[in-house]
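Comments concern the structure below.
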Amino acid sequence: MLQKHPAFAGVQGPVVVIVLDGYGIPKHDVGSAIDAARKPTLDRLLAECPNIRLRAHGTAVGMPSDDDMGNSEVGHNAIGAGQVYAQGAALVANAIAAGTIWEGSAWQEIVAATRAGDGGKAGVLHFIGLFSDGNVHSHIDHLKAMVLRARDEGVRTVRIHALLDGRDVPETSALEYVVPFEAFLRDISTGGFDARIASGGGRQTITMDRYDANWPMVARGWRTHVLGEGPQFANAVEAVNGLRARHPGTIDQDLPEFIIAEDGKPIGTIEDGDSVVFYNFRGDRAIEITRAFVETSFSEFDRVRHPKVTYAGMLQYDGDLQLPKRFLVAPPAIKNTSGEWFSKMGLTQFACSETQKFGHVTYFWNGNRSNKFDGETWQEVPSDVVPFEQRPWMKAAEITDAMIAALQSGQYKVLRCNYANGDMVGHTGNFRAATMAIEAVDLALARLLPAIDAAGGVALITADHGNADEMFELDKKTRQPAQNPDGSYKAKTAHTLNPVPLILYGKAAAGKLKLRQTDTAGLSNIAATVANLLGLEKHETWDDSLLDIG
Ligand SMILES: O=C(O)[C@H](O)COP(=O)(O)O
Ligand SMILES: [Mn+2]
Ligand SMILES: [Mn+2]
């Protein structure tokens, strides 16, 4: 059990953690939607309340290096678990470097199903995944290593289904990946080995939906990858150029699907006897397409055909649901989360967000666990299914309504929510909309904070990583916002490497409680800080509390 704190009995009312998704602390005011936003509440909090900066990227959240930006998965894992685990990106890179990935039964079964046999028809090995080096969902180097290994182990035909990124990497960078990769595939396609990109499309158009927000997107991906339906091109370079010409101004993540065909026939439909590796390591956007492949009875959309394939995920995307059963690398085994221990202490917990971030504040928060702990209540506000630059307020008001109702009910001691705006609108690259997104969050806080005071509680206001703080690409050398020859700036859609704020709010804390800035302060220190605010000592596995009890 968590011990009573020796010096502090805890605040009388509830402790609320508010995650402003994608709200980093900007380095430059140029290109910062956070500087540009009118946000009187946040400005007042930063001026009047104890606040510090937290590290939210790189090794501080379990990424392979400090050049890696943070993301929602690793950020919410760190906040909820109070600890840093080596995350998917690092686990896969290590498994490839050490060669352990090839020794596992999953890889061997994938290869055995498609290896050229004596006379029998060898199947095709398909790789589907996000085609970039963003390292949030996937890394193209992992794909390269698997294609080479498959060739060396006797697979004859490889087909790649490339989801164009432009969201974790610059918004129109697809050809920087496609051109060298098609050249690499041509180089290695000798001696009877044949590897080619067979289909693809923008990641926000096909396949990579999450949290059941937009199944038609997954259906469209199925028709593309499995059935080979869509506009045809001779190769992926021509596809990207052709689609850009047909859809001027469309950034990579939003491009439509494409099919590579010869004489009108798609070169890489997925058939009985083939193997399929979904090579994203991150789960949220991998679960729906995985279900479409592995479930026998399936009613989310009409699959038309359900090929009998040997399917593997790069990781297991949901351990509780065992989805999928076959996976190449074991996911991090996250234990002793704050949700679990607060539950063991008999504390009631409330978690709320809108669909786009609902799994973040529940599943990721609880260490990738899809079931609730005792005493937990989860509330999902359905997200709009529209481009978020058209509705940058998203569901901030409705999440606030739900939080206020939960606070007024008096039923919960520990509450948490996620406002998706700064991140989801930040990913569109639309500066004006991102500014409005931050303003919507500020309005929401202006309503929520008085309800916390009325309940005698406190809030920790923070973020999981930056995004809206940098809406223009930075020059690689100077790290300043990069200008085009005509003086304009290039929009940036990805997360940032910036720290995030941690603000301690509440009349119940005023004057007595402060936050300690340390060199290493990061997201994984939040769980222990919450425990202290509840009058408890941290669990021994959690990183230190940042609460200064005066
Ligand atoms: O999946 C996405 O939308 C982006 O790749 C990462 O964003 P998130 O980590 O904030 O969800
Ligand atoms: Mn996020
Ligand atoms: Mn994001």
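Heads up: numbering here begins at 1 and tracks the sequence. Both ligands and their constituent atoms are indexed starting at 1 by order of listing.
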When the ring planes of [X] and [Y] are compared, do they come out parallel, tilted or perpendicular, using 30° and 60° as the limits?
{"X": "Tyr412", "Y": "Phe350", "answer": "tilted"}
{"X": "His142", "Y": "His139", "answer": "tilted"}
{"X": "Trp215", "Y": "Phe301", "answer": "tilted"}

Cation over ring face, Lys490 and Phe472, 6.0 Å, 45°: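 No, a cation-pi geometry is absent between Lys490 and Phe472.
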Chi angles and distances behind the ring pair (Phe, Tyr, Trp, His ring centres under 6.0 Å) call for Phe293, Phe278: CA-CA 10 Å; Phe293 274 104; Phe278 197 79; 8.2 Å; no
Test salt bridge (charged side-chain N to carboxylate O under 4.0 Å, His left out) applied to Arg55 and Asp66, Asp519, Asp464, Asp543, the passing residue: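 Going through the options one by one, the only one that passes is Asp66.
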N/O/S atom name from Asp464 that is nearest to the position of the Mn ion (ligand 2):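 Relative to the Mn ion (ligand 2), the closest nitrogen, oxygen or sulfur of Asp464 carries the name OD2.
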For ligand 1, the residues whose heavy atoms come within less than 4.0 Å (ordered by chain, then number):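 Within the 4.0 Å shell of ligand 1, which is judged on heavy atoms, sit Asp21, Asn71, Ser72, Val136, His137, Arg167, Asp168, Arg203, Arg210, Arg282, Arg285, Lys357, His360, Asp423, His427, His465, His495.
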The Mn ion (ligand 3): protein N, O or S atoms that are less than 2.8 Å away, sorted by chain: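 For the Mn ion (ligand 3), the protein N, O and S atoms that sit under 2.8 Å away are Asp423 OD1, Asp423 OD2, His427 NE2, His495 NE2.
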Donor-acceptor contact present, side-chain Ser343 to main-chain Gly339, <3.5 Å: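 Side chain of Ser343 to backbone of Gly339: no pair is present.
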Aromatic ring proximity, centroids under 6.0 angstrom, Phe131 and Phe181: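 Distance test on ring centres: under 6.0 Å, yes.
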Ring centers of His126, His161 separated by less than 6.0 Å: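 So the answer is yes for these two rings.
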Where Leu546 and Leu54 come nearest, the two heavy atoms and their spacing: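 The pair with the smallest heavy-atom distance is CD1-CD2, 3.6 Å.
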